[in-house]
Amino acid sequence: GRHEIRPIEFKPSPRIGLAYSINEKTVIRASYGVFYGVPYAGATRAFTGGAFQSTTPWVATVDGIHPNALMSNPFPTGYVYPPGSSQGLLSTIGLDLNSAYPSSLKTMYNQQWNFSIQRSLMSNSMLQVAYVGNKGTHLAWGGGNMNMLRPEQVASYGSRLLDTVPNPFFGVVPTGTLAQATIQYGQLVRPFPLWGAVVQNGMAIGNSEYEALQVSFNKRFTSGVSLIAGYTWAKLMSDISDGTWAGGGAGNIRSFYCVRCEHSNGAYDVPHRFTLSAVGELPFGKGKHFGTSWNRITDTILGGWQANGILTLASGVPLAFSTANNTSYSFGGGQHPDVVGNPVLSSGKSIYSWFNTAAFAQPADFTFGNLSRTYTGVRADRLRNLDFSLFKNFTITEKFRLQFRAETFNLTNTPVFGTPGTTVNGVNFGVITGQSNPPRNLQLALKLLF
């Protein structure tokens, strides 16, 4: 094979931050920065696939009807052995290329910025209002099939793509579908007809945008009480990158030739999120409102307790719908359902009917569907959770303290339902069959501090 050594490319990473005090109670802050990641196929990535490993496919049938292999001899043409670099550009012909490198490997980066106003309202308390943004560029896509047909080809050829025709590569390709005497016509009009899937490895074409209004209130520990409240109103948009690298799981990419067509809400887009955490000393015991005159034994048992709570409320994430069968016949492209009605049920949703299933339909053959990659008209169940705990410290000696902790997670035992079935005409389409959060959990602990 051919090895290419590329020089290290240094990119500027500007950072700027500003802070201005309007008066003794009000401060304005702003910042901007560019942060670079590591290319998907960077120095830490080694490639051992392609011509340096082999798989012998079992071709059970060519046309889906007539058998081509027998159980007594499933590999009539023999086994495929790794050819290495002996075949040059003909390496792995007839098979899939699962690590085809794109012509350029760009470095992913994101831009982050924020603007905030902080205001002291009263003693030991602060209100902050902030605008936060993040723009991801050149995000890696590790799953696009460069050997799929163009959408205009699918529309033009139609059912002709499925016709069985004489294979011009018969006798040239040693194994696989392309080694048969006949083949589907669609294979012959693919960009790389001598191969199956040609999956690019780390094409840097993804984009994401995040913007949020963040409001927080912080009251520091006074009179035995500390309080932090926060609210975020946000929107996350992306095309392919809903994960660390390839971002799978958030709807199929329909066409390698128009990734931007998949630009929609991110798989973990949460428009509203509210959190409230509080820490408070209970008013019982020596020096408190109740129990000042308690004796030592009573005060040891009932006095000096601390209560803690965290409340979280959040919107559900978007849903990603799919079809049970891909009838685009694009030889590598994905397919989304068609929206033919209003998915929102006028009678309200339940775990047995989360949305109007009649609003989604299997698209016509040789089409890609009109639904976006993710859909926000209906979302997964919202989050509602309350964690609560009680702490008590016992002084043993000057250096040793014993802490008793009683903690409960999901105090109210409120279920957060799992994602409903989103495969059109599937068995559980529109039905929720599980719970995404754990039930109430109680735990007691003793902690020795020294």
Side-chain angles (χ1 to χ4, degrees), residues 9-39 106-140 204 206-239 241-242 244 247 263-281 306 308-315 317-318 376 382-383 385 387:
E9 183 178 6
F10 294 95
K11 295 182 178 291
S13 302
R15 318 282 171 82
I16 184 173
L18 302 172
Y20 177 71
S21 178
I22 297 179
N23 53 49
E24 61 180 11
K25 291 188 175 183
T26 307
V27 176
I28 295 177
R29 304 178 189 273
S31 65
Y32 172 83
V34 178
F35 303 85
Y36 286 89
V38 178
K106 298 180 180 179
T107 301
M108 66 183 71
Y109 70 93
N110 68 54
Q111 304 170 71
Q112 300 179 16
W113 60 90
N114 66 75
F115 175 82
S116 65
I117 300 176
Q118 296 175 330
R119 172 74 177 180
S120 177
L121 299 180
M122 59 187 74
S123 177
N124 296 316
S125 64
M126 183 188 70
L127 176 68
Q128 175 176 283
V129 179
Y131 162 67
V132 176
N134 187 313
K135 172 69 175 70
T137 306
H138 297 329
L139 304 179
N207 293 276
S208 67
E209 304 90 32
Y210 174 82
E211 292 184 288
L213 171 67
Q214 300 176 348
V215 181
S216 63
F217 175 76
N218 187 339
K219 180 175 176 57
R220 290 180 291 275
F221 205 85
T222 57
S223 303
V225 177
S226 179
L227 180 69
I228 300 176
Y231 169 72
T232 300
W233 178 32
K235 186 174 185 179
L236 171 65
M237 301 293 292
S238 63
D239 39 40
S241 300
D242 285 318
T244 305
H263 196 254
S264 60
N265 292 74
Y268 45 92
D269 171 60
V270 177
H272 302 283
R273 183 178 180 87
F274 173 78
T275 59
L276 173 65
S277 62
V279 176
E281 295 179 352
Q306 175 183 305
N308 315 279
I310 301 177
L311 173 67
T312 304
L313 306 173
S315 305
V317 296
T376 59
R382 65 188 187 276
L383 172 65
N385 186 75
D387 299 331

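Predicted model, so just to flag it, every value in this text is computed and none were measured.
- Aromatic ring orientation, Trp233 versus His272: parallel (interplanar angle below 30°, classes split at 30° and 60°).
- Ring orientation note: the planes of His138 and Tyr109 are nearly perpendicular, at an angle over 60° on the 30°/60° scale.
- A side-chain contact (heavy atoms from CB on, under 4.5 Å) with Leu276 holds for exactly one of Ile310, Leu227, Thr312, Ile228; it is Leu227.
- Across all their heavy atoms, Ser13 and Val34 have their closest contact at CB-O, 3.5 Å.
- Going from atom CG of Asn134 over to atom OG of Ser208 covers 6.0 Å, rounded to the nearest 0.5 Å.
- For the residue pair Val132 and Gln214, the shortest heavy atom distance occurs at CG2-OE1, 3.5 Å.
- Taking each heavy atom of Asn110 and Gly136 in turn, the nearest pair found is CB-CA, 4.0 Å.
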### Task
Could you check Leu127 against Val215 for side chain to side chain contact (heavy atoms under 4.5 Å, CB included), going step by step and ending with a plain yes or no?
CA-CA 8 Å; Leu127 176 68; Val215 181; 4.1 Å; yes

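- Here Phe217 pairs with nothing under the ring-ring contact (aromatic ring centres under 6.0 Å, His included) rule; sequence neighbours left out.
- Here the CE atom belonging to Met237 is positioned 10.5 Å from the CD atom belonging to Glu211, to the nearest 0.5 angstrom.
- Listed here is the closest heavy atom pair of Ala234 and Ala212: CB-CB, 3.6 Å.
- Under the 3.5 Å distance criterion, the side-chain polar atoms of Thr26 are left unmatched by any main-chain donor or acceptor of Asn23.
- Atom CZ of Phe115 and atom CZ of Arg29 lie 12.0 Å apart (nearest 0.5 Å).
- Remark: Thr137 engages Lys135 in a side chain to side chain donor-acceptor pair (under 3.5 Å) (not counting sequence neighbours).
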Please report the C-alpha distance between Asn218 and Gln128 in whole Å, then the side-chain angles of each, then the deciding distance to 0.1 Å, and finally whether the side chain to side chain contact (heavy atoms under 4.5 Å, CB included) criterion is met. CA-CA 9 Å; Asn218 187 339; Gln128 175 176 283; over 6 Å; no

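- Checked options Gln111, His263, Lys235; the residue passing with Glu209 is His263 (criterion: side-chain hydrogen bond (donor to acceptor under 3.5 Å, both in side chains)).
- Between Val129 and Leu213 the shortest side-chain heavy-atom distance falls below 4.5 Å.
- Asn265 approaches Pro318 most closely through the heavy-atom pair CB-CG, 4.1 Å.
- Residues Leu383 and Arg273 are in side-chain contact: their nearest non-hydrogen atoms beyond the backbone lie under 4.5 Å apart.
- Here the OG atom belonging to Ser216 is positioned 5.5 Å from the CE atom belonging to Met126, to the nearest 0.5 angstrom.
- For Arg119, the CZ atom is densely surrounded, since the number of other residues' heavy atoms within 6.0 Å is greater than 12.
- Nearest heavy atoms, Asn207 versus Asp239: N-OD1, 3.0 Å.
- With rounding to the nearest 0.5 Å, the separation of CG in Asn385 from OG1 in Thr275 is 12.0 Å.
- Separation of atoms CE (Met108) and CZ (Phe35) is listed at 15.5 Å; rounding is to 0.5 Å.
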